[in-house]
Amino acid sequence: MFFPIRSLHFVGIGGTAMAGTAVALRNKGFDVTGSDQKVYDPMAGFLKEHQLPVMEGFAEANLSHQPDLVVIGNAISRGNPEVEAILERKVPYCSLPELLKRFFIEGKHAIVVTGTHGKTSITALLAWVFDHNGYDPSFLIGGIPRNWGYGARFTESQWFILEGDEYDTAFFDKQSKFLHYLPEVAIINNLEFDHADIFADLASIQSSFRRLINLVPRNGLLLANGEDSNLHPLLADSPAPVSRFGLEGKNDVQPSQVVLHPEASELQLDDMKFRIPQVGELNVRNALPVIACARHFGMSDRQIQSAFDTFLGTQRRMQVLGTVRGITVVDDFAHHPTAIRETVRALRLKFPHQRLWLLFEPRSNTSRRNVFQQELTTALSQGDTVVIAEVARLEQLPSDQRLDPEKVVTDLNALGIPAAYLPTVDRIVQHVTHRAESGDVVCVLSNGGFGGIHQLLLDAIGKIGE
């Protein structure tokens, strides 16, 4: 199958899944190149660490080495010079999900993890449970799990564990990416409105998840959040057996007791007390479908717990980057109001009685819009002091659709929460550096690089008094 394809070029290689797949293919002996406009950490550092150079900017010349196949990222659109050259020259091309389906997923036990929140954390934990217990799974994770240091791997085993995203596949394929992944088991962690740039409303997202459910075979399994009212209407039509998980109500997988500690979480499930080295109720919820899936494929509770004991977590999920002069800087990927709220709840457990700063960059295609104007204010109000940066790529949005960060700040101040709108990273660093005190926790919330603010903060705090 691979004989005619020895070289691949990734257009938009800076995406998490694109970069992970590119490195994994290079590690299997393929010649791999890639291009992008700008690559942010952690993927910039990841590609550099694995010595896969990125061609800066998009240009027809980037194809001069005549790759056998071009993989086009979903952030790439018509008008891109490489896309136009590919189409004109009839160079073979595909999307990343199509590549995965054709060459790696078909014929395997595919476990697809989906949902608005928690996908990366669940996929990483599930893949580690399988790997720790000798299953040697292939995996694709939308982040960098710390147990491996990379987010994609292709093995010869019959297991493939994937993070499935409802976002569209490519400019030439507008269906959700997860519809390519042939799930034998599908996990749906939750379902909320998101991706306001491509989905008109909640109903359109539900339609996409309904299509996913319809792909699970009768001898497969659908693991679904039993507490999610947006998901309930979709479950009755599942061709596959449905197992519901949750903390409240009546679910098939439901702990009888949950104990949350500052450094770990415990849950009693049937006769087994599980302990996970992650903090907060959100991580307990994430563990439930992992346990259920591992049990479904025959693993014992002791095997599962053994993997939990050695799981190191995922980069950019409540990741402590450093503590300087008593001030701790935390990096988190949260950008949806629900994710921000749950992250803050977990941080309160991990850092009790400490002042919590929230630095928020409105960068995702939903958070840049005013669709969650009030919900964002409510979520950020859980912090002790808040700073909001300029809305990214503001010129791409009509004025009546833009998030108004200054109104968020005004509303927060009215609630008694000290808040500031500071457009640039330099101003934010200066603001925090002059006001943060020993014992404070500064959490950076963004789905992007935020201008390297994390290290800039640590450096600036370290220079106080010099």
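The residues of the chain are indexed from 1 along the displayed sequence.
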**Student:** Could you tell me whether the side chains of Q175 and T169 share a donor-acceptor contact shorter than 3.5 Å?
**Tutor:** no
**Student:** Per the salt bridge (charged side-chain N to carboxylate O under 4.0 Å, His left out) rule, what does the pair list look like for residues 404-418, sequence neighbours excluded?
**Tutor:** K407-D411
**Student:** Find out whether H431 and W357 are in side-chain contact, i.e. whether some heavy atom of one side chain is under 4.5 Å from a heavy atom of the other.
**Tutor:** yes
**Student:** Under a 4.0 Å threshold between the charged nitrogen and the carboxylate oxygen, would K350 count as salt-bridged to E263?
**Tutor:** yes
**Student:** State the CG-CG distance between L202 and L191, to the nearest 0.5 angstrom.
**Tutor:** 6.0 Å
**Student:** Pairs in or reaching into residues 351-368: which pass salt bridge (charged side-chain N to carboxylate O under 4.0 Å, His left out), with residues at least two apart or in two chains?
**Tutor:** R355-D440
**Student:** Can you list the steps and then say if H65 with S7 is a side-chain hydrogen bond (donor to acceptor under 3.5 Å, both in side chains)?
**Tutor:** CA-CA 9 Å; H65 60 296; S7 62; 6.0 Å; no
**Student:** I'd like to check the ring-ring contact (aromatic ring centres under 6.0 Å, His included) partners of Y93; sequence neighbours left out, ordered by chain and number.
**Tutor:** F172
**Student:** Got T21 and F154 here, is their nearest side-chain heavy-atom distance under 4.5 Å?
**Tutor:** yes
**Student:** Salt bridge (Lys or Arg N to Asp or Glu O under 4.0 Å) with R435: which residues, sequence neighbours excluded?
**Tutor:** none
**Student:** Can S208 and S176 be said to form a side-chain hydrogen bond (donor to acceptor under 3.5 Å, both in side chains), step by step?
**Tutor:** CA-CA 7 Å; S208 197; S176 292; 2.4 Å; yes
**Student:** Hey, could you give me the CG/OG1 distance between L162 and T123, rounded to the nearest 0.5 Å?
**Tutor:** 8.0 Å
**Student:** If we only count heavy atoms from C-beta on, is the L99 to L8 side-chain gap below 4.5 Å?
**Tutor:** yes
**Student:** Donor-acceptor pair, H232 side chain versus G226 backbone, under 3.5 Å?
**Tutor:** yes
**Student:** Determine, for E342 against R345, whether the closest basic-nitrogen to carboxylate-oxygen distance falls under 4.0 angstrom.
**Tutor:** yes
**Student:** Taking only residues at least two apart or on different chains, which pairs with a member in residues 381-397 satisfy salt bridge (charged side-chain N to carboxylate O under 4.0 Å, His left out)?
**Tutor:** R348-D384
**Student:** Please answer whether the main-chain N or O of A44 pairs with a side-chain N or O of K48 as donor and acceptor at a distance below 3.5 Å.
**Tutor:** no
**Student:** Search all heavy atoms of G34 against all heavy atoms of I13 and return the closest pair with its distance.
**Tutor:** CA-CD1, 3.7 Å
**Student:** Please state whether the rings of W148 and Y150 are parallel, tilted or perpendicular, taking 30° and 60° as the class boundaries.
**Tutor:** tilted
**Student:** In chain order, what residues pass the salt bridge (Lys or Arg N to Asp or Glu O under 4.0 Å) check against R285, with sequence neighbours excluded?
**Tutor:** E227, E281
